[in-house]
Amino acid sequence: MKLKFTLLKLVGIIILCCGTKVHCQSPAGYDLWLPYKKVEDLQLLEQYKQATRSIYFQKNSQILKVAQAELKKGLSSMLNQTPNFTASSLTSNSIIIAKKSALEQDIVKMVKADYDQIGPEGFLIKAIQLKDKKVLVLTAKEDIGILYGVFRLLRLMQSHKTLNSINLVDTPKIALRLLNHWDNLDRTVERGYAGFSLWNWQKLPEYIDQRYIDYARANASIGINAVSLTNVNANALILTPMYLEKVEALANVFRPYGIKVYLTARFSAPIEIGGLNTADPLNVEVQQWWENKANEIYSRIPDFGGFLVKANSEGQPGPQNYGRNHVDGANMMARALQPFNGNVIWRAFVYSEYDDTDRAKQAYDEFIPYDGKFLNNVLVQTKNGAIDFQPREPFHPMFGAMPKTPLIIEFQITQEYLGFSTHLVFLPKLFEEVLNSDTYRKGEGSTVAKVVDGSLDEKKITGMAGVANIGTDLNWTGHPFAQANWYGFGRLAWDPYLSSETIAEEWLQATYSNNPKFVEPAKKMMITSREAVVNYMNPLGLHHIFDTGHHYGPGPWVNELSRPEWNPTYYHQADENGIGFDRTFSGSKATEQYAEPLRLQFNDPNTCPEEYLLWFHHLPWDYTLKNDRTLWEGIALKYQEGVDQVAFMSNTWDNLKTYISKEQYEEVRMLLEIQLKEAKWWRDACLLYFQTYSKKELPEGVEKPTQTLEYFKSLKFPFAPGIRPKWD
Ligand code: BDP
């Protein structure tokens, strides 16, 4: 008890130190997009000082206290003065931050019309004229809305926006904004490239690392409201009392930031930790076991989010082990969670080694017949594309075919197939492309964004999940620009219609600088980065040609693994006649899974967008592309273009040197150097390999490889990071 108290006191001191003017010097990048840099523009500084002269802040809940502390931290740092919080009559203040019940009547009248627009978790920030003075009102219907509003206000100030005539109502468009950590209990992170897991299980529950708090702050600042703590390749131990006590401690830290905790549930847990001899979802004892488990969890964590389940996929146990199906499994768990308003998030990432159907088709085939059969608290989590988080994939056809099921979209923020944490790739550009894709399910304009935010079919529960790229690295994400991917995921989960350019600009301003001479070129570099990685890894619809297991670097030649779809040769199908996966009506018929007009459009190489060409078609090497080049030349030139784009990014960064600190400049410069080297590696290895089939010279403009194919094939990386220890 005494120890607990001392530790809490210590944590309290740390929070205080970081929360007030006594400035803890954080290591480079630790502050993420929340460095609250001092406002240097004197006019603006004066405006902000005036606007924040005295502040009334309602703080009668944990969330509101956290919100006030954040405002204090932000204002002290940006304005270099301690903010003046008063308890006096509301209207004598220049900022009023409170819920409606605490607002005075004349203010309520003035903001009513806007207030009524606020939806769940939303907020209003409005400048009003109260008699002879300007007052800024920040209000919301729930406490969490106030916290989100405070973060927004601070961001507006960080990006030097004027507050004079602000009138902003904003409400998240997606209800569940969820990070999925693939963190193991031994603190390794599957597909993690930023160090170890943040969760220090051994020291929990007593020891509360300051990082948990800063992590929660960062998430709340972009509206993330749920985290699943553990790997989808789950370990049942997380559901035992010893671990649940630790999970409870984390949930207590996250609660004031509006964040709910989810856990991954291993389907065979009733056997592994429950002593039963089956996990059959129709077995009464099994059902009882899950009900008891739910009771136990909710008695510790009353706002527990629920379970995230990977079942019958890549060797994970599931209902099919007992001759049952996904609906039986998901609904059984959903029933256990229903009394507590918990959710089951059931993943649709399934494919089977016993099914030789095109892997891209399997999830659709399996899940579509279940549409409408899941209980209300089951959400089906579907990856953005039908294969696996590739640099580019057409949207997953399930988004156009499950009107009666809440579909959560799953993006991968960690860069398993996008250069780990070494390559600068701005993922919101990829996410935006998927969200803007038209499924045509209800005619033109039926975008994936509308499916995901529920507006297309009026779905009640909506969600977006992102596989986290966060670890113990000092800057959280390994590459400083990978922070923008965490940030951008949160922003798109809040509003899936935001443009990637807006997100890049917001992030650059908050993180680095407001100077347009920095922001504009840096933004261009970020926007280019996504197409660059597609070009130097997987151009023209090529996919999954990564070296297997770790997925580090190219491995298009890999052909000897036991499961066909683990081999890159399965995906590119290169031979002397040509290259690409035939998914047309005369091939695997995957094009059938899309609604018209996409079905026919994808099916015909002449109308198929060239970026998906080899995803859907096997074409001869001398097939003519839209630019009149042969397919072989087109592939080679795209690889070269990718390399050139990285060189452009690198030059851009060099020119930005003067706007940032030496450390900030150097770390990205070094990483871009590696990225350029690896882009060339990809180009040379892939072109040399494909050339063994095309038997054609490299076209003019493509640099000659400096190594042989044998050399590239000989490279082995047994200790590449993020590797999955074993497939069980
Ligand atoms: C693949 C990863 C693997 C994951 C799997 C999943 O290589 O580590 O377990 O996805 O999403 O991309 O379940």
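Along the sequence shown, residues carry numbers from 1. Counting starts at 1 for both ligands and their atoms, following the listed order. Fair warning: this is a prediction, and the values are worked out from it, not measured in the lab.
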Task: Interfacing atoms of ligand 1 (cut-off 4.0 Å, heavy-atom, Asp388) - done: 1 (C), 10 (O), 12 (O)
Task: Glu314 and ligand 1 - part of the residue with a heavy-atom distance under 4.0 Å - done: side chain
Task: Identified side chain to side chain donor-acceptor pair (under 3.5 Å) partner of Trp486 from the options Thr414, Thr477, Asn219 - done: Asn219
Task: ligand 1-proximal atoms of Val467, by part, heavy-atom distance under 4.0 Å - done: neither
Task: Sub-3.5 Å N/O-N/O distance, His551 and ligand 1 - done: no
TODO: Go through the side-chain N and O atoms of Gln593 and Asp365 and say whether any donor and acceptor fall under 3.5 Å apart.
DONE: yes
- [ ] Answer yes or no: is there a donor N or O on one side and an acceptor on the other, between the side chain of Asn235 and the main chain of Leu237, under 3.5 Å?
- [x] yes
- [ ] Report yes if some N/O of Trp182 lies less than 3.5 Å from some N/O of ligand 1; otherwise report no.
- [x] no
Task: Non-hydrogen atoms of Asn343 and Leu337 that approach each other most closely - done: O-CD1, 3.3 Å
Task: Atoms of ligand 1 close to Phe349 [distance to a heavy atom under 4.0 angstrom, numbered from 1] - done: 5 (C), 6 (C), 10 (O), 11 (O), 13 (O)
Open item on the list: Do Arg211 and Trp476 form a cation-pi contact, if we require the NZ or CZ to be under 6.0 Å from the six-membered ring centre and within 45 degrees of the ring's axis?
Closed with: yes
- [ ] Check each heavy atom of Phe546 against ligand 1 and say whether those closer than 4.0 Å belong to the side chain, the backbone, both or neither.
- [x] neither
Task: Cation-pi check, Arg583 onto Trp615 ring (under 6.0 Å, within 45° of axis) - done: yes
TODO: Just jot down the ligand 1 atoms closer than 4.0 angstrom to any heavy atom of Lys383, in number order.
DONE: 1 (C), 5 (C), 6 (C), 10 (O), 11 (O), 12 (O)
- [ ] Examine Gln412 against ligand 1 and note whether any of their N/O atoms are separated by less than 3.5 Å.
- [x] no
Open item on the list: Determine whether Phe367 and Trp346 satisfy the following criterion, ring-ring contact (aromatic ring centres under 6.0 Å, His included), listing intermediate values before the conclusion.
Closed with: CA-CA 11 Å; Phe367 275 80; Trp346 196 266; 8.1 Å; no
Task: Proximal candidate to atom 2 (C) of ligand 1 [heavy atom criterion; set Gln381, Glu416, His550, Glu190] - done: Glu416
Task: Heavy atom of Gln316, distance to ligand 1 below 4.0 Å - done: no
- [ ] Check whether NZ of the Lys or CZ of the Arg Arg187 lies under 6.0 Å from the centre of the six-membered ring of Phe196 and within 45 degrees of that ring's axis.
- [x] no
